[in-house]
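As structure tokens, the structure follows; a few thoughts come after it.
None of these values were measured; they are calculated from a predicted model. We use all heavy atoms of the structure for the numbers below, so side chains are in, but hydrogens, waters and symmetry mates are not. Labels below follow one simple rule: chain letters A, B, ... track the order of the sequence lines, proteins then strands, and each chain is numbered from 1.
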There are 2 protein chains.
Amino acid sequence: MNPDLFNRNCGSRKVIDRIGDRWSVLVVLALADGDKRYGELAERVDGISQKMLTQTLRGLERDGLVTRTVHATVPPRVDYALTDLGRSVLDLVAGLEDWATTHLAEVEAARARYDAR
Amino acid sequence: MNPDLFNRNCGSRKVIDRIGDRWSVLVVLALADGDKRYGELAERVDGISQKMLTQTLRGLERDGLVTRTVHATVPPRVDYALTDLGRSVLDLVAGLEDWATTHLAEVEAARARYDAR
DNA sequence: CTGAATCCGGCTGGATACTG
DNA sequence: CAGTATCCAGCCGGATTCAG
């Protein structure tokens, strides 16, 4: 247990905040099975806007989780891929995904119970 | 891999959104080592406002991750504790914490590199 | 096709004051 | 002590437009 995590100025807190981003998790998962083009990601992650996709990818690139490769072709082609660091976080995020699907029914039951009170 | 996760209307997406909440992760971690009173949580999770703490606890309670026990004493006392479901997600969240502390240096180095360009 | 830039409505979340 | 209520600034994020 790292007590500093609860300190708002601690670096690990900032990392948690980044992972806690609602889109980052989904984008990382979308890159799980290999490189993806910008358009493929936009199609895959339902509901994300262009702005948020670009912003999320920039953030992930900045944190060293994703690489961005521009091919000087016409039409332009940009590939995004997970780095080693990105793949290491993928393991955790995939765990979240498993948890979500496994316990979905329990959570929904709890919600229904709570709302019915 | 569950493809539906990327669908905005899928239930598992909603679960991910909840876990992805920036405060939920911290509150769950704060409850890792046993019951906590409202005030203890407020003190522990640095930077959270009363409003957000209450709101986060309600959300976690609704999802069945946390129990809320009111003691009819003067002064009033309210204890929060993880449910079995909450403890199951704690394992994952603790993994995030480990990752954050382990790879913090790499992430910060990547950020510095990116910002220096 | 892959973005950057801008505008702007809405919701998040902080500060404050009040209640049981 | 443990909230609730209210107000409101700020930022998130969507839609649109423009550029390379």
Side-chain angles (χ1 to χ4, degrees), chain A residues 6-9 13-14 16-28 30-31 34-63 66-81 114-115 117, chain B residues 6-9 13-14 16-28 30-31 34-63 66-81 114-115 117:
Chain A
F6 296 109
N7 185 315
R8 87 176 81 181
N9 298 125
R13 170 76 166 264
K14 289 172 188 142
I16 289 284
D17 286 348
R18 174 56 50 96
I19 294 179
D21 180 66
R22 62 188 304 254
W23 294 119
S24 294
V25 174
L26 291 170
V27 170
V28 168
L31 287 170
D35 301 17
K36 289 279 184 304
R37 300 182 59 177
Y38 182 88
E40 291 176 311
L41 289 173
E43 188 181 11
R44 190 92 184 267
V45 182
D46 187 37
I48 195 171
S49 66
Q50 265 193 0
K51 179 181 175 179
M52 281 302 103
L53 178 55
T54 298
Q55 194 169 301
T56 301
L57 287 168
R58 289 290 176 280
L60 293 172
E61 187 191 0
R62 186 170 107 98
D63 284 359
V66 158
T67 58
R68 177 173 181 268
T69 309
V70 181
H71 301 275
T73 59
V74 177
R77 175 195 177 92
V78 182
D79 285 326
Y80 293 92
Y114 185 92
D115 293 341
R117 299 187 319 180
Chain B
F6 297 109
N7 186 314
R8 87 177 82 183
N9 297 125
R13 170 77 166 261
K14 288 172 189 146
I16 288 284
D17 286 348
R18 173 57 50 96
I19 295 180
D21 179 65
R22 64 186 302 254
W23 294 119
S24 294
V25 175
L26 291 170
V27 170
V28 168
L31 288 171
D35 301 17
K36 289 278 184 304
R37 301 183 57 177
Y38 182 89
E40 291 176 313
L41 289 172
E43 189 181 10
R44 188 93 185 266
V45 183
D46 187 38
I48 195 171
S49 65
Q50 265 193 358
K51 180 180 174 178
M52 279 303 101
L53 179 54
T54 298
Q55 194 169 300
T56 301
L57 286 168
R58 291 289 177 280
L60 293 173
E61 188 192 359
R62 187 170 105 100
D63 285 359
V66 158
T67 57
R68 178 173 181 269
T69 309
V70 181
H71 302 273
T73 59
V74 178
R77 176 195 177 92
V78 182
D79 286 325
Y80 293 91
Y114 185 91
D115 293 341
R117 298 186 320 180

inquiry  = Quiz question: by atom type and distance under 3.5 Å, do the side chains of Tyr38(A) and Thr54(A) form a donor-acceptor pair?
reply    = yes
Proximal nucleotide (of [options]) relative to the [X] side chain:
X: Tyr38(A); options: dG14(D), dT16(C), dG3(C); answer: dG3(C)
X: Thr54(B); options: dG3(D), dC1(C), dG13(C); answer: dG3(D)
X: Pro76(B); options: dG20(C), dC7(C), dT2(C); answer: dG20(C)
X: Arg58(B); options: dT16(D), dG3(D), dG14(D); answer: dG3(D)
X: Pro75(B); options: dA2(D), dC1(D), dC1(C); answer: dC1(D)

So, do [X] and [Y] sit near enough that their side-chain heavy atoms are less than 4.5 Å apart?
X: Leu57(A); Y: Leu41(A); answer: yes
X: Arg62(B); Y: Asp115(A); answer: yes
X: Val78(A); Y: Tyr80(A); answer: yes

Spacing between [X] atom [atom1] and [N] atom [atom2], to the nearest angstrom:
X: Glu40(B); N: dC1(D); atom1: CD; atom2: P; value: 11 Å
X: Asp21(A); N: dC12(D); atom1: CG; atom2: P; value: 10 Å
X: Met52(B); N: dG14(C); atom1: CE; atom2: P; value: 6 Å
X: Arg44(B); N: dA2(D); atom1: CZ; atom2: C1'; value: 20 Å
X: Ile48(B); N: dG13(C); atom1: CD1; atom2: C1'; value: 11 Å
X: Leu41(A); N: dC1(C); atom1: CG; atom2: P; value: 14 Å
X: Arg77(A); N: dG3(C); atom1: CZ; atom2: C1'; value: 16 Å
X: Leu53(B); N: dC1(D); atom1: CG; atom2: P; value: 14 Å

request  = Taking only the side-chain nitrogens and oxygens of Arg22(B), find out if one of them lies under 4.0 Å from OP1 or OP2 of dG13(C).
outcome  = no
message = Can you tell me if Glu40(A) has over 12 outside heavy atoms packed within less than 6.0 Å of its CD?
response = yes
key: 5' precedence on DNA chain C between Lys51(A) and Val70(A) (nearest-nucleotide basis)   = Val70(A)
key: Distance-only donor-acceptor test, Gln50(A) side-chain atoms vs dA4(C) base atoms, 3.5 Å   = yes
request  = Assign Gln55(A) to base, sugar-phosphate, or nothing according to its heavy-atom contacts below 4.0 angstrom with the strands shown.
outcome  = nothing
